[in-house]
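All chains are named by letter (A, B, ...) in the order of the sequence lines, taking the proteins before the strands, and each is independently numbered beginning at 1.
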Amino acid sequence: MSLLSVSGITKRFGGVVANQNISFRVAPGELVGIIGPNGAGKSTLFDVITGIEWPDAGEIRLEERRLTGLRPDQVSRLGVGRTFQKLRPFQGMTVLENVTVGALQKCRDVAHARREAQEALERVGLGEKADAYARTLSTGQRKRLELARALATRPRLLLLDEVTGGVDQGSIPGLISLIQDLHRAGMSLVVIEHNMRVIMAMAQRIVALHLGEVIADGPPEAVTRDRRVVEAYLGQAYA
Amino acid sequence: MARWLTGALALLVLLSLPAFVTRPHHRHVLIMILLYAMLAAAWNILAGYCGQISLGHAIFFGLGAYTSTTLVKQAAISPWIGMVAGAVVAVVVSQAIGFPVFRLRGHYFAIATIALGEIVQTLFINWDWIGGARGVFIPIRRPDSLLHLQFHESKQNYYYVALAMFALALLVTRVLERSRAGYYFRAIREDQEAAASLGINVARSKQLAMAISAGLTALGGTFYAQYILFIDPESVLSLSLSILICLVAVLGGVGTLWGPLLGATVLVPLSEGTRVLLGGGGKALDLLIYGGLIVLISVAQPGGLMALWRKGWRRAA
């Protein structure tokens, strides 16, 4: 049985079709990569899954529960955590406070939530930055912060939007192994990623989007050899 | 530790102040400072912590003043009971206002609260049963009585009531800062969508911030009515009152514990001073000076006086 089922999702903004009849599934414990050129509808798809945008057609389920029509906070409480492509830390709060906000979802009191937030920070390697203000962090550190914040809500499924985008080369291996650790610990993940080397290293399955439609869905080796994926996204050099 | 010490010291000074300040007009200024500090602290909970800039808080102030005054006048009910009743009315109205208005963000929210404030003021001006545009005198009671919240012998008792209310607002803020709701408020202020993605019911949190803020503001309204013993829509429901509350908090430092007191300490004497010096002729001069100060603050030090204070503290340390 699938953890996440996306069936026939269509999302239009006026005349622009961002998502066209998109369907795919995520099994428990799976790490699925989503690739596609800019404007393919990847982030919109995350927004639709998490309730920020409502689809014009189609349905999303987390196991048996229907997510379509729920608010973002309700989707989060059902166990879907996410990060944003355009990072959105709470700038005027400390790193620990940022993560505590997430931890409060499942913790009964603030003291407990702060302890759990500290653990989440250690897990992503930001333990020493706990008392710094979020606005003082580098892009790579902010990515880790958003990851810790989402993790602190104890999600069953994590949606990561561009883990390595805008991050300096030196920080990428650390982020990759962090995500792989989460995956090995049993977390189910859907990861949007532009860096093909990163996605090939992590994903068990890849879904390729182009102009709002799924053009390929399968094991990484098969998807990267797919003629349409090569034409739309990878370019001839990859073939 | 240093924070606690500063706080304890500040409270000690505030408690002993009437012993040194004995002239009625000076005590009046102190009372107004505490009243505005309390109102700004209440406003700060919604605007400073939760990020929803309201320019309609006179609504809640006026509801507090009018509820207790109407109960005193029509049924001779103690203003303390009226104070609680006024807070309840303000909370109920705040929830009714919040439901549609919280759908708006940023400037649009602020503009909607201005409009609502004007509507409520107009309603009260045309409502004869509670005095209409002429206003209401609160019946004088002698001798002085805490039960009836009227003191004619000396302003000292008003001072302590105002101090107690300010302390209450401070305490509520302090407790909120460390509570789940406080974390949620600040997260919403920083980024509403990110907050929702972490499971925060944004609408419910905003309504809570609004309720606390409105209830506290209404307490101030009842106090004002019992202190001045006359209220009318111009004095307790005007836009300029809403703006002054906001200015005090912004000048002191938005979203800080002691900012409201700091802001009131600067602004209230300024307003009282120009009023005394220039009489009715200088009616808008204080607002002119406020305007100048706000421009200065937002350009030079957006964190308000509290940020300056902290800078000085760090330099000294």
By the salt bridge (charged side-chain N to carboxylate O under 4.0 Å, His left out) test, which pairs, at least two apart or in different chains, include something from residues 39-68 of chain A? A/Lys11-A/Glu53, A/Asp47-A/Arg82, A/Glu59-A/Arg61, A/Glu59-A/Arg66, A/Glu63-A/Arg156

Given side chains that start at C-beta, do those of A/Phe90 and B/Arg189 come closer than 4.5 Å, heavy atoms only? no

Quick one: which of A/Leu78, A/Leu104, A/Thr153, A/Val110 has the most heavy-atom pairs under 4.5 Å with chain B, could you say? A/Leu104

Using heavy-atom distances under 4.5 Å, tell me whether A/Ile52 contacts chain B through its side chain, its backbone, both, or neither. side chain

Heavy-atom pair count under 4.5 Å with chain A, highest-scoring of B/Gly255, B/Ala195, B/Ser197: B/Ser197

For A/Lys129, does the NZ atom sit with more than 12 other heavy atoms under 6.0 Å from it, leaving out its own atoms? no

Whether over 12 other heavy atoms sit under 6.0 Å from A/Arg154 CZ: yes

Please identify, among B/Asn201, B/Ile200, B/Val202, B/Leu198, the residue contributing the most non-hydrogen atom pairs under 4.5 Å to chain A. B/Leu198

Heavy-atom distance under 4.5 Å to chain B: side chain of A/Arg108, backbone, both or neither? backbone

Contact part of A/Thr50 toward chain B, heavy-atom cut-off under 4.5 Å: side chain, backbone, both or neither? neither

Between A/Glu146, A/Gln74, A/Met93, which shows the greatest number of heavy-atom pairs under 4.5 Å with chain B? A/Met93

Most contact-rich option vs chain B, by heavy-atom pairs under 4.5 angstrom, among A/Gln91, A/Arg71, A/Arg114, A/Glu97, is A/Glu97

Rounded to the nearest 0.5 Å, what's the gap from CG on A/Asp73 to CD on B/Glu193? Could you check? 12.0 Å

Scan for salt bridge (charged side-chain N to carboxylate O under 4.0 Å, His left out) pairs involving residues 167-180 of chain B, sequence neighbours excluded, and state none if there are none. B/Arg174-B/Glu177

Given 3.5 Å as the limit, does a donor-acceptor pair link the side chain of A/Arg77 with the main chain of B/Gly199, or not? yes

Which portion of A/Val101 sits near chain B, non-hydrogen atoms under 4.5 angstrom: both

